[in-house]
Amino acid sequence: MSGRDGAHRGRSDKALGHRLKRLRSEIMNPAPGQGEREDAKQAKSVALDLGWGRLLFAQTYESNRALADALREEGPARRDIAFYIRDPHVLLALAPQELFLDPSHTYRLDLATYRPGQRRPRGFFIRRLSTEADADAVNAIYQSRGMVTVRPDFFWRKRDSRAITYLVAEDERTGDILGTVTGVDHRRAFRDPENGSSLWCLAVDPQSPHPGVGEMLVRRLAEHFQARGASFMDLSVMHDNEQAIALYEKLGFHRVPIFAVKRKNPINERLFTHPPAAYEQLNPYARIIVDEAQRRGVAVDITDAEGGFFRLSFGGRSIHCRESLSELTSAVAMSICDDKAVTRRVVERAGLAVPEQIDAASGRDELAAFLARHGRVVVKPARGEQGRGVAVGIETIEDLEKAVAAAREVCDRVLVEACFEGEDLRLVVIDYRLVAAAVRRPPRVVGDGVSSIEKLIAHLSRRRSAATGGESSIPVDEETRRCLSAAGYALDSVPAEGEEVVVRKTANLHTGGSIHDVTEEVHPALVDAACRAARAIDIPVVGIDFMVRSPSRSEYVFIEANERPGLANHEPQPTAERFVDLLFPRSGPKSAKQALGSKE
């Protein structure tokens with residue numbers, strides 16, 4: 001063995017010995033606030049309200065019985081957490097039918113040895129929550145991440161709290177809130193003799209165009225508590241959240257033997273019940289419906305997880321689904337949506353505005369004349385989904401012929417239509433009523449003055465994939481190269497810091513597009529047109545795509561209808577709830593109350 005190898009092994013053994021010694025020390029030491037270090041001035045029975053529920057500090061309760069009784073007082077639609085529990089088996093034994101051990105790990109950052117990172121935020125900055133608009137934006141992020149929301153006035157009332165700190169990340173260019181984190185100062189919350197702090201509710205908007213938002217929020221909160229003189233910062237993270245755990249360990253957090261206990265309720269159900277077989281293999285579009293069905297007591301049988309197929313049964317009725325496509329959609333309606341030329345004719349007869357269109361097989365002269373008449377055109381396969389083979393903004397006959405050839409790899413029949421300038425609007429119609437509306441924007445990267453566009457695309461693709469369960473990424477193909485070339489860029493170009501570059505013209509989620517909810521601002525004329533389209537096709541669940549000047553204006557042209565819209569893309573709107581309402585009307589809360597004889 002060489003001297004270098006021996007030295008490396010010596011350092012590794014020393015580091016391992018240090019970690020083992022630290023872990024043994026933390027296991028053998030009494031819980032914070034107990035034993036010799038207990039401070040008589042420490043507050044008792046502390047349950048700090050954080051809006052989504054209460055944080056119960058176990059070390060402040062005189063007994064496990066008192067803590068169990070406090071957990072039983074959890075409010076409706078809230079999620080209380082009892083934290084800093086060293087003997088969870090004893091607590092659970094007091095109420096095994098009501099309480100469960102949260103399957104999370106606790107990580108700690110030693111603030112005495114923590115050193116701020118050299119990386120600085122690019123394209124965004126971190127600040128404290130300061131306005132009611134901030135509170136609304138934080139709630140929207142919570143909903144998009146499947147978290148319990150908070151009344152906006154709660155955020156507003158607590159914005160100057162000495163015990164609770166709310167931080168947000170704001171986009172420098174747009175002013176959008178990109179992420180949020182909550183911090184709790186234990187000394188100010190209950191006069192903690194350990195002088196600790198904790199991090200809660202770290203959440204980043206899945207549509208954020210900037211890397212490192214989560215890391216910067218964690219670092220800023222750590223620096224905030226370090227400046228206050230706190231000894232450590234703790235957090236609780238789900239045991240299988242590998243991405244978050246990797247981030248925390250990179251920042252210097254280490255795992256500690258501290259546990260959390262929660263009360264069994266519908267919000268926590270997936271944490272203490274066994275999911276259906278093959279549940280983990282479902283994509284987000286199937287999983288959101290399965291989750292909603294299980295919350296209502298609807299039986300779920302996953303028939304083909306990889307394809308997103310499952311059977312739902314309730315009250316003697318059974319319906320087979322593939323994501324949001326169910327047996328309630330007829331084969332005729334599905335075939336109308338499948339052929340974009342047919343869809344166009346059906347909705348045009350229903351009075352909807354449609355763009356002029358010709359078949360790509362019409363001949364070069366006709367295509368050239370069509371292009372000259374409209375200036376810019378869209379090329380798309382007559383059949384296809386997820387944006388495959390679609391090219392937008394074609395301006396030359398040479399690019400048109402290349403786009404047609406690429407589209408023919410998806411479908412033999414290719415359509416060419418006039419390009420309508422504006423935004424891509426998806427309206428989800430369930431049971432012939434609008435449930436959600438969202439603008440879909442093409443993928444764009446933000447330069448840092450160092451990285452090439454190809455590298456920026458790779459980084460954005462990784463973030464989009466992680467945020468959508470692997471459903472979204474940006475292909476580096478001929479369409480991407482064409483869009484960059486038209487804007488004067490190439491894959492190896494290095495945009496200046498803060499410079500924004502659109503890398504594709506299509507806004508489909510599967511090719512890297514982002515989705516922004518506009519349900520509250522969509523114009524009534526657009527809602528009416530979408531519902532008329534659904535009735536013309538006679539389809540109970542559909543995603544109607546328009547090109548619009550603005551979601552708040554009435555001008556539009558119809559693009560296509562999707563018979564299997566991705567409901568998970570439209571949170572916080574209740575798409576899954578309305579879908580299960582359609583399938584099983586008597587499974588909803590109102591019907592349950594009537595069945596139980598409730599007078600509410």
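- Remark: the backbone N or O of Val150 is paired with a side-chain donor or acceptor of Asn139 at under 3.5 angstrom.
- A salt bridge links Lys250 with Glu215: the closest approach of a Lys/Arg side-chain nitrogen to an acidic carboxylate oxygen falls below 4.0 angstrom.
- Looking at heavy atoms from C-beta onward, Leu99 lies in side-chain contact with Leu91 at the 4.5 angstrom threshold.
- Salt-bridge formation is not detected for the pair Asp49/Arg157: no Lys NZ or Arg NE/NH1/NH2 atom is positioned less than 4.0 Å from an Asp or Glu carboxylate oxygen.
- Glu500 and Arg173 are joined by a salt bridge, as a carboxylate oxygen and a charged side-chain nitrogen come within less than 4.0 angstrom of each other.
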Which is it for Phe83 and Phe57 under the ring pair (Phe, Tyr, Trp, His ring centres under 6.0 Å) test, yes or no, and what are the steps along the way?
-> CA-CA 5 Å; Phe83 201 44; Phe57 291 94; 7.8 Å; no
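- Between Arg145 and Pro206, the shortest heavy-atom contact is NH1-CB, 3.2 Å.
- Counting non-hydrogen atoms of neighbouring residues, nucleotides and ligands closer than 6.0 angstrom, the NZ atom of Lys264 exceeds 12 such neighbours.
- In the displayed structure, Arg72 atom CZ is contacted under 6.0 Å by more than 12 heavy atoms of other residues, nucleotides or ligands.
- Cation-pi check for Arg287 over Tyr279 is met; the charged atom lies under 6.0 angstrom from the ring centroid and within 45 degrees of its normal.
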After noting the C-alpha distance and the side-chain angles of Asp291 and Ile289, does the key distance pass the side-chain contact (heavy atoms from CB on, under 4.5 Å) rule?
-> CA-CA 5 Å; Asp291 288 344; Ile289 297 170; over 6 Å; no
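- Between Arg440 and Asp545 there is a salt bridge, with a side-chain nitrogen of the basic residue lying less than 4.0 Å from a carboxylate oxygen of the acidic one.
- For the atom pair CG (Leu271) and OG (Ser104), the distance works out to 7.0 Å, reported to the nearest 0.5 Å.
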Going through the checks in order, is the side-chain contact (heavy atoms from CB on, under 4.5 Å) test met by Ile453 and Asp492?
-> CA-CA 6 Å; Ile453 289 178; Asp492 59 359; over 6 Å; no
Could you please spell out the steps behind the salt bridge (Lys or Arg N to Asp or Glu O under 4.0 Å) verdict for Asp424 and Arg441?
-> CA-CA 7 Å; Asp424 187 332; Arg441 297 190 174 122; over 6 Å; no
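- Arg151 CZ to Asp153 CG: the interatomic distance, rounded to the nearest 0.5 Å, is 4.0 Å.
- Asn265 and Asn268 share a side-chain donor-acceptor pair at under 3.5 Å.
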Intermediate values then yes/no, side-chain contact (heavy atoms from CB on, under 4.5 Å), Arg426 and His570 = CA-CA 10 Å; Arg426 161 65 62 88; His570 295 275; 3.6 Å; yes
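- The pair Glu479-Arg504 fails the salt-bridge criterion, with no side-chain N (NZ, NE, NH1 or NH2) lying under 4.0 Å from an Asp/Glu carboxylate O.
- Relative orientation of the Tyr84 and His186 rings is perpendicular, given thresholds of 30° and 60° on the angle between their planes.
- A salt bridge links Arg108 with Asp234: the closest approach of a Lys/Arg side-chain nitrogen to an acidic carboxylate oxygen falls below 4.0 angstrom.
- Using a distance-only test at 3.5 Å, with no hydrogens or angles considered, no donor-acceptor pair links the side chain of Asp176 to the main chain of Leu178.
- A side-chain donor-acceptor contact under 3.5 Å links Ser197 to the backbone of Phe232.
- At distances below 3.5 Å, at least one donor-acceptor pair connects side-chain atoms of Arg54 with backbone N or O atoms of Ala70.
- Interatomic distance, CG of Leu484 versus CD1 of Ile457, reported as 5.5 Å (0.5 Å rounding).
- Ala203 approaches Ile141 most closely through the heavy-atom pair CB-CG2, 3.7 Å.
- Here the side chains of Arg78 and Val148 are in contact, with some heavy-atom distance below 4.5 Å.
- Distance check: His105 NE2 to Tyr248 OH gives 13.0 Å after rounding to the nearest 0.5 Å.
- Distance alone, capped at 3.5 Å, is enough to place a donor-acceptor pair between the Arg120 side chain and the Gly117 backbone.
- Counting heavy atoms from C-beta on, the side chains of Phe190 and Thr60 come closer than 4.5 Å.
- A donor-acceptor pair is defined here as one N or O able to donate and one able to accept, closer than 3.5 Å; no such pair exists between the side chain of Ser208 and the backbone of Asp205.
- With a 4.5 Å cut-off on side-chain heavy atoms, Leu129 and Thr180 do not count as touching.
- Counting heavy atoms from C-beta on, the side chains of Val445 and Pro209 never come closer than 4.5 Å.
- No donor-acceptor pair under 3.5 Å is formed between the side chain of Ser552 and the backbone N or O of His523.
- Pro211 places none of its side-chain heavy atoms less than 4.5 Å from the side chain of His459.
- In this structure, Gln226 CD and Arg219 CZ are separated by 11.0 Å, a value rounded to the nearest 0.5 Å.
- Contact check for Met547 versus Leu425: no side-chain heavy atoms found under the 4.5 Å cut-off.
- Of the inter-residue distances, the one linking Leu460 atom CG with His210 atom NE2 reads 10.5 Å to the nearest 0.5 angstrom.
- Here the side chain of Thr575 pairs a donor or acceptor atom with the backbone of Leu567 at under 3.5 angstrom.
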In sequence, state the C-alpha distance, the side-chain angles, and the governing distance for Arg122 and Asp448, and then conclude on salt bridge (Lys or Arg N to Asp or Glu O under 4.0 Å).
-> CA-CA 7 Å; Arg122 291 182 180 274; Asp448 59 9; 5.2 Å; no
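- Taking both residues in full, the closest heavy atoms of Ile85 and Ala58 are given as CG1-CB, 3.6 Å, listed atom of the first, atom of the second, then distance.
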Could you give me the CA-CA distance, side-chain angles and deciding distance for Phe225 and Leu221, then say whether side-chain contact (heavy atoms from CB on, under 4.5 Å) is met?
-> CA-CA 6 Å; Phe225 285 133; Leu221 190 64; 3.7 Å; yes
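- Under a 3.5 Å cut-off, the side chain of Glu323 and the backbone N or O of Ala286 do not form any donor-acceptor pair.
- For Asp134 (side chain) and Ser130 (main-chain N/O), a donor-acceptor pair under 3.5 Å exists by modelled atom type.
- Taking the six-membered ring for Trp and thresholds of 30 and 60 degrees, Trp52 and Trp200 have ring planes inclined between 30 and 60 degrees apart.
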